[in-house]
Every structure is written in structure tokens, then in C-alpha cells.
Amino acid sequence: MENGQVTFDEYGRPFIIIRDQEKQKRLTGLDAQKSHILAARSIASTLRTSLGPKGLDKLLVSPDGEITITNDGATILDKMDVSHEIAKLMVQLSKSQDDEIGDGTTGVVVLAGALLEQAEALLSKGLHPTRVADGYEMAARVALERLDSIAEEFPIDLENPTSLIETATTTLSSKIVNRCHSQFAKMAVDAVLTVADMEKKDVNFELIKIDGKVGAKLEDSRLVKGVVIEKGMSHPQMPKSLDQAKIAILTCPFEPPKPKTTHKLEISSVKAYEELRAYETEKFQEMIQQVKDTGANLVLCQWGFDDEPNHMLLQQNLPAVRWVGGPELELVAIATNGRIVPRFSELTSEKLGTAGKVREVGFGTTKDTMLVIEECENSKAVTIFIRGGNRMIIEEAKRSLHDAICVVRNLIRDNRVVYGGGAAEIACSLAVGAEADKVKSLEQYAMRSFAEALETVPLALAENSGLPAIETTTTVKSRQLAEGNPRLGVDCLRKGTLDMKEQHVLETLIGKKQQIMLATQLVKMILKIDDVRAPES
């Protein structure tokens with residue numbers, strides 16, 4: 001053993017002496033559990049003010065001075081410098097929700113923090129952590145059953161996607177793009193429906209590219225049914241627009257061949273230099289002719305070429321784009337039904353991609369240009385092109401769109417919805433509370449605490465909207481109980497009705513169920529840790 005030594009007492013019984021104990025920090029029992037709960041609660045309280053359509057943004061500055069402004073839970077936690085081991089688990093919890101569902105990353109952390117806060121009170125009363133964890137597990141099962149019972153089928157009409165747009169609008173209402181959320185919701189829905197495979201009920205996110213350019217305003221963002229490349233034509237005098245383009249997609253160098261091994265070429269006279277130059281020119285002329293013989297009228301090349309070959313391409317009326325990234329080439333190949341050509345000798349007319357229109361677009365007074373490839377053979381590749389006043393707004397708009405796209409994707413996978421505004425949480429809280437009264441064992445206390453923790457979400461929504469939190473939540477809860485209507489929630493936008501169905505505030509069932517399952521699993525794991533050994537900092 002490296003850190004210990006086996007020795008024997010006077011009766012010959014072995015025991016271990018562990019070295020360097022003075023350098024170890026150790027927490028045990030209730031102290032360890034309370035330390036974990038405090039760390040998790042501090043993370044949850046940071047995110048609590050970002051919940052809902054009126055949630056506040058956070059400004060995060062990285063060590064190298066890069067500024068991020070966002071209210072997306074997963075992004076906030078990802079950018080935070082967290083050192084406590086339990087706080088890191090909360091970061092991973094938010095990331096799990098983001099990876100699986102794409103939305104609800106703030107809510108899942110707030111719920112986990114509330115569950116741990118309630119657990120602390122139970123532990124202080126003397127309840128064993130295992131009994132609390134078991135009670136939470138029982139309560140979570142009741143909550144999930146209640147969600148299944150109140151869920152409604154959501155009609156997905158590809159000809160009239162208004163209902164999908166309303167759901168995407170709910171997601172975007174809490175984001176920085178909320179002043180033009182209808183436009184962004186429509187772009188998200190159009191993008192998903194374009195690339196969706198309705199038979200398999202799945203969406204390939206790799207076919208949706210989200211790009212942005214500083215300048216203009218958010219309202220100038222648009223959806224391109226094709227591919228946008230952040231490159232322009234290699235020569236300023238090449239045509240800026242091409243109709244019925246036949247595109248050669250090359251990942252090999254578009255220049256005269258060179259020996260593969262390390263080589264050295266000595267030129268001792270002007271004549272030898274002229275011969276070398278003539279050879280290179282002749283070879284490149286042959287390569288250009290080979291491309292033109294296949295019928296191509298545009299070349300996209302992953303590698304660069306010098307000014308002289310560039311000038312020759314212009315003379316031969318063959319527009320070209322150089323230094324195109326690998327992911328962009330793949331998207332172009334998918335969109336245009338072309339094939340990526342790794343060796344120049346393999347280029348044939350069958351491997352060319354086709355597009356109805358290719359045009360170069362300039363931006364304001366800058367020299368920045370972009371290539372837009374539209375009317376492609378395979379329409380299952382789209383680009384959402386975002387404009388904005390600065391880089392921060394564009395990055396936040398990208399994150400917001402990602403959330404909206406994930407929600408629409410989730411609806412295609414499972415088209416059942418519950419109602420937002422804390423309505424689903426209050427309905428689950430009432431169901432768990434009623435079930436707790438039927439339980440005779442100690443777990444009933446944990447179940448009631450679970451029910452109380454679920455009310456944290458509507459409380460936070462009301463608080464962030466400037467409403468009296470306790471009064472608003474109590475009103476909604478009493479009306480849900482009296483009317484038996486699980487659609488009643490917090491009127492964050494003050495539209496005069498508590499019915500979330502009338503307000504079109506919807507959330508996906510799988511997203512809400514995932515929140516409760518992930519939060520419960522993490523809290524159970526944290527409660528069962530009673531001994532921490534760590535090196536002294």
C-alpha cells in the first residue's frame with residue numbers, strides 16, 4: 001500500500017496506519033451532507049432569477065476577458081468557475097438536460113436545489129438520508145404518473161405548423177431574442193420540418209447549420225434553404241452570381257503536383273527557371289481543363305492556391321472558392337447531392353453537385369463576403385443566418401435557436417405536451433401531497449417535502465415577474481384544487497388569464513419528465529454521501 005502501512009497489535013491482530021492524515025480534509029455524517037446541500041443551493045439560487053419569460057440575464061467574464069451575456073442555465077454553469085465537487089455535479093446535471101432535451105436547463109437545477117433544501121430540514125429533524133431518498137423516489141413516481149395523466153396529444157400538421165410555432169415561441173419568450181420571437185420560432189420550425197424524417201420521427205441536427213454575422217439587426221436574420229459559407233470568390237473579378245451551378249468539391253490541392261517526400265530543387269539559370277514556370281503553368285492549365293471537361297462551372301477547394309493559378313482561373317472563366325472548411329464541404333455535398341473528391345484524378349461529371357443559384361453577398365461597408373448556395377438538389381440541408389448588433393447578441397441568439405429547435409424536435413419524437421407557467425409542477429405537487437396522506441411510513445414526510453419543492457418553480461416564476469410570489473402561487477394552487485383544472489399556472493406576462501392553454505404556454509412532456517427524473521436521481525446520490533476525504537487546499 002502506498003498511503004498505508006500494515007502493523008499488528010499485541011494480540012497479533014493486523015490494522016492499517018494511513019499516512020499523511022494531517023494533509024487530508026475530512027467531513028463526515030450530517031456535516032458532510034449539510035456542506036453538500038449548501039453548495040448545491042448556492043448554485044440553484046444563482047440560476048433561480050433566470051427562470052421564466054421575465055428572468056434576468058447573467059454577465060460572465062472569462063479569464064481572458066471574453067464576455068458572455070445569457071440566461072441559459074447550461075451556458076451559465078458551463079462558464080462559471082466551480083471548484084466544489086457537489087457544485088460540479090449540478091453543472092453536469094444541467095448539461096445532461098441540455099444534451100438530452102435541449103431546454104429546461106435552468107428549471108432542473110432550481111428543482112434539484114429546492115429538493116436538497118427540503119431534505120436539509122428533514123435531516124435536521126433526525127430522518128435518515130436513506131428514508132428521505134426513498135420518499136423522494138416514491139414521490140417522483142407519483143409526479144411522473146400525474147404528468148402522463150394530464151398530458152395532451154399535440155397535433156402536428158406539416159401544412160399548418162402554427163401550433164409548433166406557438167410552442168417554440170414559449171421557449172424563446174425568456175431569451176434575449178424575445179422581441180422578435182415569432183420570427184425566430186418560425187425559422188426554427190421551418191428548419192426542423194425541412195430536415196425531419198417523419199417516418200422515423202427523428203431530426204438530424206447536422207443538417208441544420210446556424211451561422212451569424214455582426215451587423216444589421218436581429219429582424220434581418222433569415223432561413224436559407226441551402227448552405228452559407230463564410231468565404232467569397234477567390235478573385236474579385238470572378239462573377240458574383242451563378243445560375244444552374246455545377247460544383248466540383250475538392251479536398252485535394254488545386255495546384256501542380258509536388259513530390260510527396262522532402263525534396264530540393266536547384267535552379268542555376270534563367271532558362272531552367274522559365275522551364276519550371278512553363279511546366280507549372282501547363283500542368284495547371286491541364287487541371288483547369290479537366291475540371292471544365294466534367295461540366296463544372298464552380299470549384300470549392302479545401303486547400304488554397306497562389307495568385308498566379310488564381311489569375312489563370314479567372315482567364316479560363318472558372319470561378320473558385322478556396323480555404324473552405326471541412327464541415328462546410330460536407331454540408332455542400334449533402335445539399336447538392338455531390339461527392340467530395342479526395343484525388344484530382346477521380347473527378348468525374350457524376351461527382352459534381354448541382355445548385356439552382358450560387359451568389360456572393362457583401363455586408364455593409366466591410367470587405368466581408370459570404371457565399372450562399374440555394375435551390376439545391378437535396379433540400380434537406382438548411383442554414384439559419386443570424387444578424388445582430390454585436391457578437392454577444394449573435395451567440396445568445398444561436399443558443400436560443402438551439403433550444404427552440406430541440407423543443408420542436410422533441411415534439412416530433414413525442415407529440416404529448418403539458419402546460420407551462422408552473423401549471424404542471426402545481427398539479428404534480430397536489431398529486432404527491434394527496435398520495436403522501438395515504439403512506440403510513442416515515443417516507444410520507446419526504447413526499448410532502450417533495451411536493452413543497454415542486455412549488456419552487458411557480459414561486460420563482462411569480463417572483464421574477466414582479467408578482468407577489470406566495471399569494472400568486474397560493475391562488476393558482478387553490479383554483480387548481482377547486483376546479484380540477486391542471487392547465488392553470490402563473491400569469492407571468494399579465495394577460496389576464498391563468499389558463500395556460502389560452503395563453504399557448506406549452507412544454508414538452510418528455511422535457512418535463514426528464515427534469516423531475518434527473519433532479520431526483522442527483523438528489524438521491526448527494527443524500528447518500530456521508531463521508532468526504534479531500535486533500536487540504
Side-chain angles (χ1 to χ4, degrees), residues 33-34 36-38 40-45 47-49 51-52 90 93 106-129 131-147 150 418 420-464 467-482 486 488-490 512-513 515-524 526-527:
Q33 283 149 352
K34 287 193 172 182
H36 300 157
I37 290 169
L38 181 64
R41 280 174 57 190
S42 63
I43 291 285
S45 63
L47 290 193
R48 184 178 165 131
T49 54
L51 191 68
M90 297 292 274
L93 169 71
T106 307
V108 70
V109 174
V110 170
L111 179 58
L115 288 170
L116 285 167
E117 189 175 345
Q118 293 293 329
E120 186 177 15
L122 294 174
L123 294 174
S124 299
K125 288 177 183 175
L127 239 71
H128 194 277
R131 302 299 290 269
V132 177
D134 291 345
Y136 277 2
E137 181 68 32
M138 291 164 66
R141 279 201 296 270
V142 174
L144 295 177
E145 285 169 12
R146 179 61 176 155
L147 283 175
I150 64 174
V418 291
E425 281 83 0
I426 290 173
C428 290
S429 172
L430 290 169
V432 172
E435 190 65 28
D437 293 337
K438 301 174 187 174
V439 175
K440 296 178 182 177
S441 61
L442 281 173
E443 279 78 11
Q444 61 176 293
Y445 294 103
M447 291 180 76
R448 288 196 189 94
S449 294
F450 191 99
E452 207 168 317
L454 283 168
E455 292 173 22
T456 307
V457 173
L459 280 167
L461 288 172
E463 203 175 289
N464 294 344
L467 301 168
I470 295 172
E471 183 186 334
T472 306
T473 307
T474 309
T475 305
V476 174
K477 191 175 177 182
S478 61
R479 279 192 58 185
Q480 269 210 28
L481 197 58
L488 298 177
V490 178
K512 189 58 70 181
K513 286 174 78 172
Q515 271 189 358
I516 291 174
M517 285 191 291
L518 285 176
T520 308
Q521 284 169 12
L522 180 74
V523 169
K524 280 177 61 185
I526 291 172
L527 287 176

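Because only heavy atoms are used, hydrogens play no part in the values below, and waters and symmetry mates are left out as well, while side chains stay in.
Rounding to the nearest 0.5 angstrom, the gap separating the CZ atom in Phe450 from the CD atom in Glu137 is 9.0 Å. Separation of atoms OG (Ser124) and CD1 (Ile37) is listed at 8.0 Å; rounding is to 0.5 Å. Residue Thr106 holds its OG1 atom at 12.5 Å from CG of Leu111, rounded to the nearest 0.5 Å. Leu93 contributes atom CG, which lies 9.5 Å from atom CD of Gln515 (distance to the nearest 0.5 angstrom). Atoms CD and CD1, from Glu425 and Ile516 in turn, are 6.5 Å apart once rounded to the nearest 0.5 Å. Between the CG atom of Leu116 and the CZ atom of Arg41 there is a distance of 9.0 Å, given to the nearest 0.5 Å.
Leu522 places a side-chain heavy atom less than 4.5 Å from the side chain of Met90. Between Pro486 and Arg146, some side-chain heavy-atom pair lies under the 4.5 Å cut-off. In this structure, Leu51 and Leu461 have side chains that are in contact, with non-hydrogen atoms separated by less than 4.5 Å. Using a 4.5 Å heavy-atom threshold, the side chains of Arg141 and Met138 count as touching.
Within a 6.0 Å sphere centred on CG of Leu442, other residues, nucleotides and ligands contribute more than 12 heavy atoms. Heavy atoms of other residues, nucleotides or ligands lying less than 6.0 angstrom from CD of Gln444 number more than 12.
Residues Ala446 and Val132 share a closest heavy-atom pair of CB-O, 3.6 Å. Ala462 and Ala469 get closest at one heavy-atom pair: CB-CA, 3.8 Å. Between Leu123 and His128, the shortest heavy-atom contact is CD2-C, 4.4 Å. In plain terms, the two heavy atoms of Ala427 and Ile150 that are nearest each other are CB-CD1, 4.0 Å. In terms of heavy atoms, Ala424 sits closest to Leu147 at CB-CD2, 3.9 Å. The two residues Ser449 and Leu122 have their closest heavy-atom pair at OG-CD1, 3.4 Å.
With Ser478 contributing its side chain and Thr475 its backbone, the two residues share a donor-acceptor pair below 3.5 Å. In this structure, the side chain of Tyr136 engages the main chain of Leu115 through a donor-acceptor pair within 3.5 Å.
Qualifying side-chain hydrogen bond (donor to acceptor under 3.5 Å, both in side chains) partners for Glu117, counting only residues two or more places apart in sequence or in other chains: none.
Checking Leu488, Leu430, Ile426 one by one against Leu481, the side chain to side chain contact (heavy atoms under 4.5 Å, CB included) holds for a single residue, Leu430.
Residue pairs satisfying the side-chain hydrogen bond (donor to acceptor under 3.5 Å, both in side chains) criterion with at least one member in residues 431-442, sequence neighbours excluded, are listed as follows: Asp437-Arg448, Ser441-Glu443.
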